[in-house]
Number of protein chains: 2
Amino acid sequence: MENRSGSVLQPDDTSLRVPMNKKRITSRELAKLAGVSSATISRAFSPESRIGSATRDRILSVAREHGYQPNAIARSLNNQRSRLVALVVNAIGNPCEAEDLQLLVYRLQDRQLLPILLCCADHEDRLQLIRLASTYQVDHVVVFSDTVSMQDAVDIFHTTRPIIVSSEPLDNADVSHIRIDGSEAADQIINKIVGDGRRRFGYLSGTATSWIDKKRKAWFADALEKRGLTFVAEASGDYSYDSGFKEAVLLLRRAKVDAIICGNDVMAIGAVDAARKVLGRRVPEDLAIVGQDGIAMAAWESHDLTTLSQDHVAFVDSIVALIERHEKDGDASHGILLECTARWGSTA
Amino acid sequence: MENRSGSVLQPDDTSLRVPMNKKRITSRELAKLAGVSSATISRAFSPESRIGSATRDRILSVAREHGYQPNAIARSLNNQRSRLVALVVNAIGNPCEAEDLQLLVYRLQDRQLLPILLCCADHEDRLQLIRLASTYQVDHVVVFSDTVSMQDAVDIFHTTRPIIVSSEPLDNADVSHIRIDGSEAADQIINKIVGDGRRRFGYLSGTATSWIDKKRKAWFADALEKRGLTFVAEASGDYSYDSGFKEAVLLLRRAKVDAIICGNDVMAIGAVDAARKVLGRRVPEDLAIVGQDGIAMAAWESHDLTTLSQDHVAFVDSIVALIERHEKDGDASHGILLECTARWGSTA
DNA sequence: TAGGATTGTGTAAGCGTGTACAATCATCAT
DNA sequence: ATGATGATTGTACACGCTTACACAATCCTA
């Protein structure tokens, strides 16, 4: 406590701004300053409250002068409403999740909701992490990550109905969910590729623990089966470019395929690079490659990927719609179904 | 395939788990159940407290049984410590920010700190948004976005010393900052390109409101000047691929240049694509292109970009270090300087 | 065995809000 | 003129937790 340094010892430096290190002022102190009770302060800051408009103006002016803002923590404790939303995500390094997240955050901000971000991918104890977030009494939870089970989410957030993104039809009454279905689009894609005369398909899947990945694979497997075909080679990466690149090299070296379906776009881009630069195969002439997600990057000239694409705007709209319905009637659980579409590039 | 669920109530579905919609139990209620006072409950959950280990075990067991977790909002109100960190970002759609953010979030989570994410780019009233976050009594603020001024950050977070990322040397005692300097690396890059015989440089800058962008340009302009050169053409985008693509086309059509420096990697990739696909110029033979950021994608085979790269790990380490120093001694403000490095690809 | 130190627990007072209820006051119809 | 009415504001408590303080029980030392 002896060797304090910095601006503390400069009482002269009083600019017009609120000085740093000044303890935050409370509503009771502001009440003194404005000559009213703290209840009136509170009313001045909640638009629905009945309060004389002259009083309100005066209070707001004094508040501005002293840099007062109501303490959201105290308000949350009282209200039983925190205006916080937990977003449980695998990792935002993946462009697909980053793009969706970006959109969602904007939409939440517009509604004065603040997102708490939880990244599960590299966290050894996901549940502990999510449990921590749940103690902040978040108003809503959106689970993007398929590495945390729906039942765990329900258990941890007793009081909040989670919004789950999945590819399975769910019948759990305790959650609302958005189901992504790409079977139709996968069928179109397979139809086109088979129509081009290709018969030997490989699948390059993402993380093994991901059950969304299994579902994605099933969409294509079903489409192949309808035509009397199956995957003749398989490999498994981790959704990263590097893994797509490496696994594609291995797969192409050990198996004769003329088409590869990849678990996501980033891996598909890696696979294209591997095929062209390492194996010297022409894409799409010698080898068709298909991604999944429909990220912006897939449409760049340098990639121009054919991909099973999700409608990102509709997706985020759905999440926001579910949040709004939960705010209205906390009781009901809802489900939304979203269909994917084929986005045609030059790689298949 | 038959699923298209609306809002369906299913009251019979009672599993063995903690039932949904059960109101969260409080410490006082748990105290009754465990036959102790609520103070003892609190002690059981704070490791430093003096409490009999038998009592603690019993309480923790009863707590688990009833799904009790201390309410972090109430705890924060009491402690004056929320364990929340505000991350003020432009947009996470940009891979550079997404990668840094990803790393940082992991590091915060390891320290039991929870990030509140604020995206400023498309938000009309940034300050209002940030003000909202400040009411949550966040323990720390990290400002990545150069669209919000340092002084605004200080004003809004009176009580918290913001951590600012900038490219200017700051002498504001109220903030800690991390300064990114790329002048040395820019000089190396220019040296190499000039050594290759190129003399006509163009600059493709990012968002006009960004002053980091100005600084980046200055690094290269200075390096050119040292060699008696200047930028002979300029254009301005918004850090996106599309803008990089479009502006590069325009720039290349109206000016004769043999090298383009871009404000970030994503724009550089767009410029490369434009040069090759639209203008039919060979990169790097006819035209050198350089990016900035050093995102993972820049190193992909399909791009193999030469770029002025930041050390992302060191960057995030610095932020974490500043946070830890602030936790230790809230009084002092600190500064950290990070040098960029040149990362050589095949585009220059 | 006494007296102090140590340990474990309860009591009560906040932390900064929102809000039900009471109180005040001006307005207005009778 | 008077009581009813509605608009404002103050008072007091609750939200769920932590912690200073008090107090009882146990332990140690001489």
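Every chain is numbered from 1, with letters handed out A, B, ... down the list of sequences.
- Between K23(B) and the phosphate of dG16(D), there is a side-chain N or O to OP1/OP2 separation shorter than 4.0 Å.
- For the residue pair H326(B) and S176(B), a side-chain donor N or O sits within less than 3.5 Å of a side-chain acceptor on the partner.
- OP1 or OP2 of dT17(C) has not a single side-chain nitrogen or oxygen of S42(A) nearer than 4.0 Å.
- In this structure, the side chain of R107(A) does not engage the main chain of V316(A) through any donor-acceptor pair within 3.5 Å.
- Side-chain contact annotation: H66(B) with E29(B), donor-acceptor N/O pair under 3.5 Å absent.
- Between P70(A) and I51(B), the residue anchored closer to the 5' end of DNA chain C is I51(B), taking for each the nucleotide with the nearest heavy atom.
- Put simply, CD1 on I25(A) is 16 Å from C1' on dC15(C), counting in whole angstrom units.
- The side chain of N78(A) sits closest to dT17(C) out of dT18(D), dT17(C), dG10(C).
- Between H177(B) and S166(B), the shortest heavy-atom distance links the atoms CD2-OG, 4.2 Å.
- Rounded to whole angstrom, the span from the CZ atom of R81(A) across to the P atom of dT17(C) amounts to 19 Å.
- When the side-chain nitrogen and oxygen atoms of R75(A) are compared with OP1 and OP2 of dG18(C), one or more of them lie within a distance under 4.0 Å.
- Along DNA chain D, the nucleotide nearest to Q69(B) and the one nearest to R43(B) differ in position, and the one closer to the 5' end is contacted by Q69(B).
- Atom CD in Q137(B) sits about 8 Å away from atom P in dT17(C), given to the nearest Å.
- For T26(B) and dG16(D), the shortest distance from a side-chain N or O to OP1 or OP2 is not below 4.0 Å.
- We find that CZ of R50(B) is positioned 14 Å from P of dA22(D), with the value rounded to whole Å.
- The CG-P distance, from L77(B) to dT19(D), rounds to 13 Å in whole Å.
- Note: CD (E48(A)) to C1' (dA7(D)) measures 17 Å, nearest angstrom.
- One interatomic measurement links the two molecules: CD of Q80(B) to P of dC17(D), which rounds to 17 Å at whole-angstrom precision.
- Close to dG16(D), at under 4.0 Å from its OP1 or OP2, lies no side-chain N or O of Y136(A).
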*Take D139(A) and R83(A) through the test salt bridge (Lys or Arg N to Asp or Glu O under 4.0 Å) and record every step on the way to the result.*
CA-CA 6 Å; D139(A) 291 343; R83(A) 307 201 71 86; 5.9 Å; no
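- Mapping N79(B) and G35(B) onto DNA chain C by nearest heavy atom places G35(B) at the nucleotide closer to the 5' end.
- Within the structure, every side-chain polar atom (N or O) of T40(A) is placed at least 4.0 Å from both OP1 and OP2 of dT8(D).
- As judged by a 4.0 angstrom heavy-atom cut-off over every strand, F45(B) is placed among residues making no nucleic acid contact.
- Between T55(A) and dT9(D) there is a side-chain polar atom (N or O) within less than 4.0 angstrom of OP1 or OP2.
- With distances taken from any side-chain atom of N71(B) to the nucleotides dC17(D), dT17(C), dT19(C), the minimum falls on dC17(D).
- Closest to the side chain of A74(B), out of dC15(D), dC17(D), dT11(C), is dC17(D).
- With hydrogens and angles disregarded, no donor-acceptor distance shorter than 3.5 Å links the side chain of T55(B) to the backbone of I51(B).
- Rounded to an integer number of Å, the gap from CD1 of I41(A) to P of dT9(D) is 11 Å.
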